[in-house]
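Working notes, beginning with the structure itself.
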Amino acid sequence: MKVLVINCGSSSLKYQLFDMTDESVLAKGLVERIGLPGSILIHRPGEGKVEIEAEIENHDKAIAMVLDALTDKNHGVVQSLDEIGACGHRVVHGGEAFSSSVAISPAVLEAIQANVELAPLHNPANIMGIEACTKLMPGTPQCAVFDTAFHQTMPAEAYIYALPYEYYEKYRIRRYGFHGTSHYYVSQRAYALLQNPQAKVITCHLGNGASVAAVNAGRSVDTSMGMTPLEGLVMGTRSGDLDPALIEFLMNKEQQSVSEVNDTLNKKSGVLGISGVSSDFRDIETAAGEGNERARLALDLFAHVVKKYIGAYTATMDGVDAIVFTAGLGENSASMRKQVCDGLRFLGILLDEEKNALRGTEIEITKPESKTKVFVIPTNEELVIARDTANLAV
Ligand code: AMP
């Protein structure tokens, strides 16, 4: 079966077409600047690359262009859309309604809609993608794979906030956690490498958005992101954990509204806010290397918080067998991995510097005698979506 994986953002769309007979990627690409001037489709069939500039006013048009590109005489990879057996959609917020992937029905779509208030920036775009595919490929099964689903196994003491309990009951305020598809994929790979399905694993998804998860015997038991993806680690532009009292303080001092402060916490904080250089860790590492002290501070603070979560999850799981680094920074920055691991000598971690310097491959970066193993595992959320979709669509 061929499965089309769709990941819709508010103004962008990423896609991959899988051939599930061997899980190979036949084509992938992205549409950028949907509804904005300068919109473009970048389509990569195999090794090639095709760029199509056009007015792409909405997600319907974006999906139509993707389907055209996939079936095009010159750069297409299928003869007709009938060859695509199912579509899998990344959906950010499944709330408490979804603890696994599902085939989309009107009732499912309604439940995703009901979670818009929990993820106002993400779920509407995901819904637009689902609706566009349903319209353009009627009869093709559509499936939803949720960022939150993997974390639905968390126990109540990990997901309840210490607020009046009725807020949980009335408004569903609780920790949900995100990046679940990634934490699931890399933890599963770690179990395969450890050959121990009972292991305690801490997965560190360190990208522009960043989160840590505690995974015990395959189940997520805690994670750093909360009701929204703002909580937890310091991120590219997001503050992560802070004292909630400072919101009112800032509002008074800066004469800002709640939403302006919220905007600051989401878009102007994190390593961008601290360094004043960039939200991109490559730029910050370069600046720190050139002696920029705030860039150095941003990296030190980031590593400090990652360590803090690893320590906390080691305590709540009563041990850890393996730590996994993944996503843009986790997979690529040997210096950040070293900085985090150097501070974790109490776990008996012995880093193999040569292995840590390797890139782009799934690898154990600790020495054989290391008490806790550390892995770098490139994440593959699209493959999880494709697999779940293929399973649901048969
Ligand atoms: P992601 O959100 O997973 O795409 O990750 C994006 C983040 O990974 C950006 O902040 C990048 O700066 C960071 N990143 C990607 N490659 C590298 C690298 N070689 N060294 C340091 N950071 C990197």
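Below, all heavy atoms of this structure are taken into account, side chains as well, without hydrogens, waters or symmetry copies. One is the number of the first residue; the rest follow in order along the sequence.
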Exercise. Is R189 positioned over the aromatic face of Y185, cation under 6.0 angstrom from the ring centre and no more than 45 degrees off axis?
Worked result: no

Problem set entry | Salt bridge present between E231 and R175 (N-O < 4.0 angstrom) | yes

Exercise. Are K14 and E382 within salt-bridge range, i.e. N to O under 4.0 Å?
Worked result: no

Looking at [X] and [Y], what are the two nearest heavy atoms and their distance?
{"X": "T140", "Y": "C87", "result": "CG2-N, 4.3 Å"}
{"X": "Y309", "Y": "G232", "result": "OH-CA, 3.4 Å"}
{"X": "M336", "Y": "S333", "result": "N-OG, 3.1 Å"}
{"X": "A217", "Y": "Y191", "result": "N-OH, 3.2 Å"}

Exceeds 12 heavy-atom contacts within 6.0 angstrom, atom [atom1] of [X]:
{"X": "K307", "atom1": "NZ", "answer": "yes"}
{"X": "E293", "atom1": "CD", "answer": "no"}
{"X": "Y313", "atom1": "OH", "answer": "yes"}

When the side chains of residues 268-275 are checked against the rest of the protein, which donor-acceptor pairs come out under 3.5 Å, sequence neighbours left out?
from	atom 1	to	atom 2	distance (Å)
S269	OG	T264	O	2.6
S275	OG	V271	O	2.7
S275	OG	V277	N	3.0

Exercise. Mind checking whether L233 and L230 sit in one hydrophobic cluster, side chains of I, L, V, M, F, W, Y counted as touching below 4.5 Å?
Worked result: no

For this session: For the residue pair T148 and N115, establish whether any side-chain heavy-atom pair is separated by less than 4.5 Å.
Result: no

Exercise. With sequence neighbours excluded, what pairs up with D280 under the side-chain contact (heavy atoms from CB on, under 4.5 Å) test?
Worked result: S278, R282, D283

For this session: Please test H151 against S220 for side chain to side chain donor-acceptor pair (under 3.5 Å), starting from the C-alpha separation and ending with a verdict.
Result: CA-CA 5 Å; H151 301 302; S220 171; 2.8 Å; yes

For this session: Begin from the C-alpha positions of H179 and T223 and carry the test side chain to side chain donor-acceptor pair (under 3.5 Å) through to its verdict.
Result: CA-CA 10 Å; H179 295 141; T223 191; over 6 Å; no

Problem set entry | Backbone of V212 reached by a side-chain donor or acceptor of S224 within 3.5 Å | yes

For this session: Test side chain to side chain contact (heavy atoms under 4.5 Å, CB included) on L121 and N266 and set out the steps.
Result: CA-CA 12 Å; L121 301 178; N266 273 292; 5.9 Å; no

For this session: Dump the intermediate steps for salt bridge (charged side-chain N to carboxylate O under 4.0 Å, His left out) on K61 and E55, then the final yes or no.
Result: CA-CA 9 Å; K61 177 76 187 289; E55 199 185 324; over 6 Å; no

Exercise. Are E117 and N123 close enough, and set up right, to give a side chain to side chain donor-acceptor pair (under 3.5 Å), and what steps lead you there?
Worked result: CA-CA 9 Å; E117 65 172 2; N123 273 28; over 6 Å; no

